[in-house]
Colleague: 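Quick one: this structure, given as structure tokens, is what I'll be asking you about.
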Amino acid sequence: MPELPEVQTVVNYIKPHVIGKRLQRIKPLWSKTLHNFSNKDIKSEEPHNHIVNVDRRAKFIILKFKNYILAIHLRMTGKLYFSNKQNFSKHVTAVLEFKNKESLIFEDVRKFGRIYFYKNLNIINSRHGPEPLAKNFSADMLIEMIKGRKRNIKSLLLDQSFISGLGNIYVDESLWKSRIHSNSISNAIPSKNIQLLYQSIQTILTDAIDSQGTTIINFSVNGESGRYANKLYVYGNEKKPCNRCNNKIKKIKVAGRGTYLCTKCQRIYK
DNA sequence: AGGCGTTCCTGGGGGC
DNA sequence: TGCCCCCAGGAACGCC
């Protein structure tokens with residue numbers, strides 16, 4: 001599941017390939033993939049269809065054009081890669097075609113991924129919380145945010161309107177690193193532990209971006225997983241010993257999600 | 001406010 | 001070996 005580090009990895013990867021390229025058309029191979037627009041909307045923007053920048057906001061890949069943006073969400077199994085091949089796998093749901101037969105391929109086995117057409121980032125910003133790696137996002141902010149809610153901490157951290165970019169993997173890793181049980185109630189967690197959570201999120205996300213993420217995010221290089229897969233402390237490690245206390249990692253269900261944690265050294269605050 | 005169920009999808013795992 | 005059943009999971013939405 002692509003989360004912030006995987007999405008950032010995709011952005012870093014495609015950016016040099018697509019900046020300055022002129023989009024000719026978008027071919028939908030799965031009708032729902034183009035969520036709120038069609039190729040007509042792209043045509044009507046002519047001749048201003050050059051990609052001027054590629055960026056990330058929350059878990060969206062943002063293709064910036066002169067007068068609009070395309071926001072691409074990979075959801076569960078979406079993959080985005082640059083290609084000049086003409087034969088696609090059966091899971092390709094959309095093709096963004098440039099000149100010279102070059103294309104951005106959106107491949108998505110489960111078909112949950114979507115592409116959105118907006119004038120700017122306003123709508124996305126209004127629905128999403130702060131970026132955890134933004135320079136102006138501080139530990140004090142996170143403390144205030146978490147203390148101000150009375151909610152299951154895992155559910156809160158997964159909520160994109162609360163904080164952007166975290167998903168199941170990095171929430172489990174961050175809570176393990178800061179020794180907070182996933183079933184803790186947000187306003188009962190002491191400030192010093194939230195401070196530790198803040199540092200854990202920073203460290204983990206930064207390290208995961210450096211490692212090009214955990215899951216497979218494109219097929220164009222080698223189809224291998226990101227190197228962070230080898231650095232996970234709890235996620236996917238059921239029954240393996242906890243790196244801190246040697247207790248067996250458990251898999252439980254929290255907020256409807258499969259959740260990995262150490263019930264011995266992650267304390268529950270209620 | 002917050003928790004929970006439902007929906008969208010398909011590959012893959014478990015059971016037999 | 002093969003078939004059927006069931007389910008994970010991000011986000012939006014409706015309900016209580």
Side-chain angles (χ1 to χ4, degrees), chain A residues 1-10 28-36 56-62 71-80 88-94 106-118 121 123-129 131-132 144-175 181-189 205 208 213-217 219 223 225 229 232 234-239 250-261 268-270:
Chain A
M1 346 138 209
E3 305 178 28
L4 187 156
E6 286 75 23
V7 176
Q8 188 65 53
T9 300
V10 175
L29 300 178
W30 178 255
S31 63
K32 294 179 181 177
T33 300
L34 309 191
H35 187 259
N36 60 347
R56 182 190 59 74
R57 171 66 173 109
K59 297 178 194 171
F60 291 89
I61 298 152
I62 308 293
I72 303 174
H73 201 300
L74 303 173
R75 286 289 180 93
M76 314 288 299
T77 53
K79 295 173 178 66
L80 188 71
F88 312 128
S89 114
K90 65 171 179 174
H91 299 304
V92 173
T93 54
F106 190 23
E107 182 171 331
D108 186 15
V109 170
R110 292 193 186 167
K111 299 185 166 79
F112 287 176
R114 296 289 182 266
I115 305 177
Y116 305 83
F117 180 103
Y118 294 126
L121 276 174
I123 290 178
I124 290 176
N125 284 337
S126 73
R127 293 174 187 170
H128 288 79
E131 286 289 333
E144 195 180 321
M145 285 163 62
I146 287 180
K147 291 269 183 193
R149 305 289 288 271
K150 186 175 183 178
R151 196 170 157 193
N152 174 287
I153 187 63
K154 173 153 183 177
S155 162
L156 193 57
L157 294 175
L158 285 173
D159 184 342
Q160 299 301 297
S161 69
F162 180 76
I163 186 168
S164 294
L166 297 175
N168 212 26
I169 297 174
Y170 298 108
V171 165
D172 280 7
E173 292 298 309
S174 299
L175 288 174
H181 193 294
S182 319
N183 267 328
S184 295
I185 304 299
S186 55
N187 69 345
I189 303 172
L205 291 181
T214 298
T215 51
I216 297 170
I217 43 81
F219 287 136
S225 298
L232 297 172
V234 285
Y235 188 85
N237 288 336
E238 188 183 10
K239 294 177 183 170
K250 280 190 181 161
K251 184 181 185 186
I252 63 173
K253 197 151 237 181
V254 177
R257 306 291 155 76
T259 298
Y260 299 87
L261 79 171
I268 189 156
Y269 301 97
K270 290 222 176 188

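Chain letters run A, B, ... following the sequence lines, proteins first, then strands; residues in each count from 1.
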Colleague: Describe the nucleic acid contact of A:Asp108 in one word from base, sugar-phosphate, nothing, applying a heavy-atom distance below 4.0 Å.
Modeller: nothing
Colleague: What does A:Tyr116 touch in the nucleic acid at a heavy-atom separation under 4.0 angstrom: a base, only the sugar-phosphate, or nothing?
Modeller: nothing
Colleague: A:Arg151 side chain: which of B:dG3, C:dG10, B:dG11 is closest?
Modeller: B:dG3
Colleague: Closest to the A:Lys32 side chain: B:dT10, B:dC8, C:dA11?
Modeller: B:dC8
Colleague: What's the closest nucleotide to the A:Lys59 side chain, out of B:dC9, C:dA11, B:dG11?
Modeller: C:dA11
Colleague: Reckon A:Lys253 has a side-chain N or O less than 4.0 Å from the OP1 or OP2 of C:dA8?
Modeller: yes
Colleague: Which part of the nucleic acid, if any, lies within reach of A:Met1 when heavy atoms closer than 4.0 Å are counted: base, sugar-phosphate only, or nothing?
Modeller: sugar-phosphate
Colleague: Return no unless some side-chain N or O of A:His73 is found under 4.0 Å from OP1 or OP2 of C:dA11.
Modeller: yes
Colleague: Under 3.5 Å, is there an N or O donor on one side and an acceptor on the other linking the side chain of A:Arg110 and the base of C:dA8?
Modeller: yes
Colleague: Can you tell me which nucleotide in B:dT10, C:dG9, B:dG2 comes closest to the side chain of A:Lys150?
Modeller: B:dG2
Colleague: Of the candidate nucleotides B:dG2, C:dG9, B:dG11, which contains the atom at the shortest distance from the side chain of A:Asn168?
Modeller: C:dG9
Colleague: Tell me: NZ of A:Lys154 to P of C:dA11, nearest whole Å?
Modeller: 13 Å
Colleague: Within this structure, what is the CG-to-P distance between A:Asn152 and B:dA1, rounded to whole angstrom?
Modeller: 18 Å
Colleague: Which part of the nucleic acid, if any, lies within contact of A:Arg75, taking any heavy atom under 4.0 Å across all strands shown: a base, the sugar-phosphate backbone alone, or nothing?
Modeller: base
Colleague: Do A:Lys59 and A:Glu6 meet the salt-bridge criterion of a basic N to acidic O distance under 4.0 Å?
Modeller: no
